[in-house]
Amino acid sequence: YGMSPIFRAWMGGILAHSRELSLAFAPYVNSYKRYQPDSWAPTAVVWSPDNRTCGLRLVGHGAGMRVESRIPGADCNPYIAFAALIAAGLDGIDRGLDCGDPYVGNAYTADDVERIPWNIVEAIELFRSSDFARESMGEQVHFHLLHSAEEEWKAFNNVVTEWELRRNFERI
């Protein structure tokens, strides 16, 4: 695909850290509802040229070739998402990671790939336990993002939704 070693390392870093940095890409409970198979939102942390079922998509040609991270949602803070992607990519370069071979096929149906967290609880745990997230984002930003997500989850759990009300009446 004409990717330089630095490009491959950059993408390798993003692949290596996307799961643990998912709070930077999907900060709200509702953010995770888009990660559904066949929704055109990615669920797999893999790359491929021009494949919209993958979290990372190689687009362009020659000097205009680039990687598109499809993982962040429209509801993310773009500055935080860019900072997370840059940190991950630079770590890949520093460590000489490689992105491996592209994924071929429909990544929604793959059973041997890493997945983007499917809910905020999983994302919180991955972010909390990530030394990379803490070191690359800084202690204060890490604390703030983690605290915000935990408060989001608490607030969500304090609301009885219309679905829950309707569902309860179905069972009575």
Side-chain angles (χ1 to χ4, degrees), residues 3-37 39 41-48 53-59 66-103 107 110-159:
M3 299 162 61
S4 71
I6 291 176
F7 191 125
R8 294 182 65 81
W10 173 270
M11 190 152 21
I14 296 171
L15 287 168
H17 296 296
S18 284
R19 284 181 39 82
E20 67 196 291
L21 295 175
S22 59
L23 276 182
F25 310 137
Y28 306 109
V29 169
N30 199 41
S31 303
Y32 293 85
K33 294 185 179 181
R34 69 183 275 268
Y35 300 124
Q36 300 297 318
S39 66
T43 60
V45 183
V46 294
W47 77 275
S48 187
T53 70
C54 299
L56 301 176
R57 182 175 154 224
L58 187 65
V59 294
R66 60 206 176 277
V67 62
E68 171 192 43
S69 177
R70 303 188 67 250
I71 300 169
D75 57 351
C76 77
N77 178 319
Y79 302 104
I80 293 171
F82 281 133
L85 286 168
I86 291 168
L90 290 175
D91 185 61
I93 293 170
D94 288 346
R95 293 184 10 204
L97 299 180
D98 186 77
C99 59
D101 294 330
Y103 182 82
D111 57 4
D112 60 344
V113 299
E114 286 197 325
R115 297 275 167 204
I116 297 162
W118 72 278
N119 64 35
I120 198 168
V121 176
E122 183 181 1
I124 287 169
E125 290 310 313
L126 287 167
F127 194 77
R128 175 184 287 121
S129 63
S130 172
D131 291 333
F132 176 77
R134 185 175 289 104
E135 292 166 12
S136 64
M137 305 294 271
E139 192 68 43
Q140 290 180 340
V141 172
H142 184 267
F143 173 82
H144 172 74
L145 293 176
L146 188 59
H147 180 72
S148 294
E150 290 169 335
E151 290 301 311
E152 169 81 0
W153 181 237
K154 279 188 218 172
F156 174 78
N157 283 309
N158 286 327
V159 173

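The chain is numbered in sequence order, starting from 1. Treat the numbers as computed from the prediction; the structure is a model and nothing was measured.
The minimum heavy-atom distance between V67 and M11, with the atom names listed, is CG2-SD, 3.5 Å. In terms of heavy atoms, P42 sits closest to G55 at CB-CA, 3.5 Å. In this structure, Y32 and Y28 approach most closely via the heavy-atom pair CD1-O, 3.2 Å. Closest approach of S18 and F25 over heavy atoms only: O-CE1, 3.9 Å.
Neither side chain, E139 nor H142, offers a donor N or O lying under 3.5 Å from an acceptor on the other.
Here the side chains of L58 and P102 are not in contact, with every heavy-atom distance at 4.5 Å or above. Contact annotation: the side chain of V46 never approaches that of L56 to less than 4.5 Å [non-hydrogen atoms, C-beta and beyond]. Contact check for F132 versus D91: side-chain heavy atoms found under the 4.5 Å cut-off. When side chains are defined from C-beta on, C54 counts as touching Y103, because their heavy atoms get closer than 4.5 Å. Residues D75 and N30 fail the side-chain proximity criterion, which asks for heavy atoms closer than 4.5 Å.
Within 6.0 Å of CD in Q140 there are 12 or fewer heavy atoms belonging to other residues, nucleotides or ligands. Within 6.0 Å of the CG atom in L90, the count of heavy atoms belonging to other residues, nucleotides or ligands exceeds 12.
Residue I120 forms a side chain to side chain contact (heavy atoms under 4.5 Å, CB included) with just one option from E152, E125, E150, and that option is E152.
Between W153 and F156, the gap from one ring centroid to the other is short of 6.0 Å.
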Pair H17-R19, side-chain contact (heavy atoms from CB on, under 4.5 Å): steps then yes or no: CA-CA 6 Å; H17 296 296; R19 284 181 39 82; over 6 Å; no

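If you take CZ on F82 and SG on C76, they are separated by 8.0 Å, rounding to the nearest 0.5 Å.
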